[in-house]
**Student:** 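Provided herewith is a single structure, encoded as structure tokens, for subsequent inquiry.
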2 protein chains.
Amino acid sequence: MKLSSKARYAVMAMADLATHDSGRPVTLQDIADRQELSLSYLEQLFGRLRRGGLVNSVRGPGGGYLLARSSGETRISDIVLAVDEPLRATRCMPGSPQGCRTDKKRCLTHDLWAELGNQIYLFLSSVTLDDVVARRVLGSSGLISAPPPAESAGSVEDRSDLALRH
Amino acid sequence: MKLSSKARYAVMAMADLATHDSGRPVTLQDIADRQELSLSYLEQLFGRLRRGGLVNSVRGPGGGYLLARSSGETRISDIVLAVDEPLRATRCMPGSPQGCRTDKKRCLTHDLWAELGNQIYLFLSSVTLDDVVARRVLGSSGLISAPPPAESAGSVEDRSDLALRH
DNA sequence: AGATACCCGAGTAATCCGGTCAACTTTACG
DNA sequence: CGTAAAGTTGACCGGATTACTCGGGTATCT
Ligand code: FES
Ligand code: FES
């Protein structure tokens, strides 16, 4: 799971596709115009989305792209995964089950990052394309397990500025 | 909030600092040796951590660094924030309250990414340094709100391979 | 045929990032 | 006082990655 801006664009494009879903194929040019993205870039993106089985393509005049599954059945995590392949991590080799670092057993922080990745995946797969276009994204609802240490009061408010990529 | 490997190193170093906390300052050289990180790089990192008020420094011989707060009172989110400053996002300008894109109101995906950022922050601030060194990180416990759409069975298992950075 | 649109792979310019270096300051100790 | 042990600063580098483009190809409709 990687979070590049490519992934953001893909989700934007898919959302656009979902909103203009009327049985008839939608051309990339339309999406490019509406979302103000470059056509060439979209082609690249939709190549992956198609190979990932998320959209179907229709060639020739009158062609374009169609959602392969309904927007309620397409999870955001699917999109991100399709467009930004895993590209396995730096130090921690997920291949070998045991430790990543040098030869010792997993470093202390391993579990932390693993769990974080898990949380992110869980969240992204809990949201469907339909949720997004219907603006039905839970507004800071889903709390995560343990509350923060009762200290440094009132600092867990709306920290929404996540820099996914530059 | 940005998730680079710099942040990972910072957390590693802080965890090391927390485990070797005995009232006496710990030198960066020690940390560098134990965690197999470069001294120069650690200097850079700890400069930020100090400015962020997470550690105190003692200069001169016998000097080194000390945790400013107890390990139970230091949240992981604090570390990440200190070391990897926000670096505001691409399209979505967090400065202006309304829309990010061109001039229209916020694009459909805005809320999604905002909420994702929020979730990440929530998670990271629910874990303290102490939790990490005590290996007390919840193993895929904290589920997030809505379950994924009941479909495409059994695909929400342990997807822990988050590629934070190359 | 010709136009429309997808398809694909190579190429590129810029950015970013992890990491280094050198010079300076502060302080302990003898 | 002098020296050495540390922290402090800021500039710098090379490689990797990203975002994005281009040009040519292929299917298909009219
Ligand atoms: S990150 Fe996996 S063992 Fe260190
Ligand atoms: S990401 Fe904020 S409005 Fe598009």
Side-chain angles (χ1 to χ4, degrees), chain A residues 2-13 17 24-33 35-52 54-66 68 80 83-91 163-166, chain B residues 2-13 17 24-33 35-66 68 80 82-91 163-166:
Chain A
K2 209 174 73 177
L3 299 170
S4 56
S5 81
K6 179 157 44 169
R8 263 206 303 256
Y9 291 159
V11 175
M12 278 189 208
L17 190 50
R24 219 153 297 310
V26 179
T27 83
L28 286 192
Q29 187 62 64
D30 287 351
I31 299 181
D33 291 345
Q35 302 298 320
E36 298 178 25
L37 299 173
S38 100
L39 175 61
S40 323
Y41 201 35
L42 277 182
E43 284 176 348
Q44 202 181 87
L45 253 25
F46 272 79
R48 287 165 181 264
L49 290 174
R50 185 177 51 82
R51 272 172 244 127
L54 288 168
V55 295
N56 293 326
S57 63
V58 181
R59 299 175 77 139
Y65 286 93
L66 289 165
V80 175
V83 104
D84 253 339
E85 74 252 34
L87 189 71
R88 347 218 71 182
T90 333
R91 306 257 172 171
L164 300 148
R165 182 64 62 184
H166 81 112
Chain B
K2 207 175 74 178
L3 299 170
S4 56
S5 81
K6 179 156 44 169
R8 263 206 303 256
Y9 291 160
V11 175
M12 279 189 206
L17 189 51
R24 217 153 300 307
V26 180
T27 81
L28 286 190
Q29 188 61 64
D30 287 350
I31 299 182
D33 290 346
Q35 301 297 320
E36 299 176 28
L37 300 173
S38 99
L39 175 61
S40 322
Y41 201 35
L42 277 182
E43 285 174 348
Q44 203 181 84
L45 254 24
F46 273 79
R48 286 164 182 266
L49 290 174
R50 185 179 53 84
R51 271 173 244 125
L54 288 168
V55 295
N56 293 325
S57 64
V58 181
R59 299 175 77 138
Y65 285 93
L66 290 165
V80 175
V83 105
D84 252 339
E85 74 253 33
L87 189 71
R88 350 217 68 184
T90 333
R91 307 260 171 169
L164 300 148
R165 180 66 60 185
H166 79 115

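Hydrogens, waters and symmetry mates are skipped; everything else that's a heavy atom, side chains included, is used. By convention in this document, chain letters (A, B, ...) are assigned in the order of the sequence lines, proteins followed by strands, and residues within each chain are numbered from 1.
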**Student:** What contact category does A/Tyr65 fall into here, base, sugar-phosphate, or nothing, at under 4.0 angstrom with non-hydrogen atoms?
**Tutor:** sugar-phosphate

**Student:** Examine C/dC17: is either OP1 or OP2 under 4.0 Å from a nitrogen or oxygen in the side chain of B/Tyr41? Give yes or no.
**Tutor:** no

**Student:** When every nucleotide of nucleotides 21-26 of chain C is labelled 5' to 3' by its protein contacts under 4.0 Å (heavy atoms), B for base, S for sugar-phosphate only, - for none, what sequence of letters results?
**Tutor:** B---BB

**Student:** If the cut-off is 4.0 Å, is A/Ser38 near the phosphate of D/dT21, judged by side-chain N/O to OP1 or OP2?
**Tutor:** yes

**Student:** Using side-chain hydrogen bond (donor to acceptor under 3.5 Å, both in side chains) as the criterion, list what pairs up with A/Asn56, not counting sequence neighbours.
**Tutor:** none

**Student:** A/Thr27 has a side chain; which of D/dA19, C/dC6, C/dT20 sits nearest to it?
**Tutor:** C/dC6

**Student:** Rounded to the nearest 0.5 Å, what separation is found between the CE atom of B/Met12 and the CG atom of B/Leu45?
**Tutor:** 11.0 Å

**Student:** Of the residues in residues 47-58 of chain B, which ones touch DNA chain C at a heavy-atom distance under 4.0 Å?
**Tutor:** none

**Student:** Rounded to whole Å, how long is the line connecting atom CZ of A/Phe46 with atom C1' of C/dC6?
**Tutor:** 12 Å

**Student:** Which residues pass the side-chain contact (heavy atoms from CB on, under 4.5 Å) test with B/Asp33, sequence neighbours left out?
**Tutor:** B/Gln29

**Student:** Does A/Ala13 have any side-chain contact (heavy atoms from CB on, under 4.5 Å) partners at least two apart in sequence or in another chain, and if so, which?
**Tutor:** A/Ile31, A/Leu42, A/Phe46

**Student:** Give every residue pair that meets the side-chain hydrogen bond (donor to acceptor under 3.5 Å, both in side chains) criterion with at least one member in residues 39-48 of chain B, sequence neighbours excluded.
**Tutor:** B/Arg48-B/Glu85

